[in-house]
2 protein chains.
Amino acid sequence: MADKYISEAVIRRLPRYYRKLEELQAAGVERISSQELSREMGLNASQIRRDFNCFGGFGQQGYGYSVEKLRLELQHILNLDNTYQCVVVGAGNIGHALLAYNEFQKKGFYMKAIFDVNPEIIGIEMNGFTVRSMFEFDEFVKNNDINVGIICTPEDTAQQLCDKLAELKISAVWNFAPVELNGPAWMKIENVNLSDSLYILAYKTGEGETVE
Amino acid sequence: MADKYISEAVIRRLPRYYRKLEELQAAGVERISSQELSREMGLNASQIRRDFNCFGGFGQQGYGYSVEKLRLELQHILNLDNTYQCVVVGAGNIGHALLAYNEFQKKGFYMKAIFDVNPEIIGIEMNGFTVRSMFEFDEFVKNNDINVGIICTPEDTAQQLCDKLAELKISAVWNFAPVELNGPAWMKIENVNLSDSLYILAYKTGEGETVE
DNA sequence: TAGATTGTTAATCGATTAACAATC
DNA sequence: TAGATTGTTAATCGATTAACAATC
């Protein structure tokens, strides 16, 4: 049967649960009730139980949840027991930083190459990688089982790149360009819009001030 | 009177409106109705009108909205007609990238300095800045009207840094460390959790697949 | 004026929270 | 068994959408 529908609100809480459970396990905590977890995370205990029950009954009445078991379940739900082969496109500041950020490799997201269109930087060494030309892109993606594309190009070329990724059947796109991308339904796009985030911070800076 | 309560859902849409209006204005569009905007953005027209009306009546019956006027209103609502003096703490990959990313300066977010605790990188040149020691931090913040702190440290020191920022009365924090920070109520914290974002992408990668 | 489109109230939908029976 | 806590149904709350009177 097909997966039942899980709301975006639930999905966005999953990584937080996962992180908290990693933390608890590292601290040697073996079991936890939804109520304790609710206190630790500032969420409602009903909500927590309901969220987990979207995916199965991971707890035990009268006991709570096994931290280790629940962590593993979440890991599985988040598909973190897979590995991912990623390419970064755009060797500017952000692209460079993501390429070098080791935490991702630890979680199973392997950076395999970085590409750019600028002849001035193609060929230079970047964090143990050589910046490749986009002329090599198709070939590289096909030969290296790439399944994640990371868009770090300026906004005006991002859609074009997205189309290229679709053509190459890359199903996961992590987009850092500040534009809404359109891709086929099977393509999953996750946006990290740094400008938007900064704008929201600016907005909140003025919040709570008295007006008039 | 105090500002009326604006829901987080509305706030998170404001930057998108703003970006779209910039785009429309750049394209020479002078006026737009909520219906046209709804088609362009994939939102409901009622929602758009309702969102704007949280802040005032910016439209005109029978006409729609003036793109320029609305853009300016949004700019004001988002506090983007202010300027911001920022310090980056943590001179790793992310800190370095943010320091160098010119788009932010263009929007009025000025990077004034970068700090680190690692003696090996203190003093080195980074994008026209010298990496400063945290021993200079308090002094620098006080003397330079710093009002935004950008946290790019590892997660285990992030809370400590947040406390320091609170002590120095910095009211806006842009947090890139993958932890939930606790600060005083007047401190506005915006989180950019790259791991969480990547986990959500991984989750969605497996979505829509048939199970059992 | 007639037509168009806003601003706003009313209806709907979905997400959160409360309550409690099931059960370990 | 008695106590605790889940899984799940029912109640509430808030956000989205529809409808329409106000008005340019």
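Predicted model only: the values in this text are computed from it and were never measured.
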Side-chain donor-acceptor pairs under 3.5 Å in residues 88-104 of chain A, sequence neighbours left out?
{"unit_1": "H96(A)", "atom_1": "NE2", "unit_2": "N127(A)", "atom_2": "OD1", "d": "3.3"}
{"unit_1": "E103(A)", "atom_1": "OE2", "unit_2": "K106(A)", "atom_2": "NZ", "d": "3.0"}

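A heavy atom closer than 4.0 Å to some atom of DNA chain D occurs in R49(A), R50(A), N53(A), G57(A), F58(A), G59(A), these being the qualifying members of residues 41-59 of chain A. Of the residues in residues 8-34 of chain A, those lying under 4.0 Å from DNA chain C by heavy-atom distance are A9(A), R13(A).
Residues Y65(B) and S33(B) fail the side-chain proximity criterion, which asks for heavy atoms closer than 4.5 Å. Side-chain contact between N53(A) and F58(A) is absent, with no heavy atoms from C-beta onward closer than 4.5 Å. R12(B) places none of its side-chain heavy atoms less than 4.5 Å from the side chain of D196(A).
If you check the side chains of S66(B) and R31(B), you find no donor sitting under 3.5 Å from an acceptor. Under the 3.5 Å distance criterion, with hydrogens and angles disregarded, a donor-acceptor pair is assigned to the side chains of W174(A) and S197(B). In this model, a donor atom of one side chain and an acceptor atom of the other lie less than 3.5 Å apart for Q159(B) and D163(B).
If you walk DNA chain D from 5' to 3' and mark each nucleotide with an atom closer than 4.0 Å to a heavy atom of chain A, the marks span dA4(D) to dA10(D).
At least one cation-pi condition fails for R132(A) and F137(A): the charged atom is not both under 6.0 angstrom from the six-membered ring centre and inside a 45 degree cone around its axis.
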- prompt: How does DNA chain D read in dot-bracket, base by base from 5' to 3', with Watson-Crick or G-U pairs under 3.5 Å and | used when the partner is on another strand?
  reply: ..||||||||||||||||||||||
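For the pair Q60(A) and S7(A), both in contact range of DNA chain C, the more 5′-proximal nearest nucleotide belongs to S7(A).
Within the structure, side-chain hydrogen bond (donor to acceptor under 3.5 Å, both in side chains) contacts touching residues 79-91 of chain B (residues at least two apart or in different chains) are H76(B)-D81(B).
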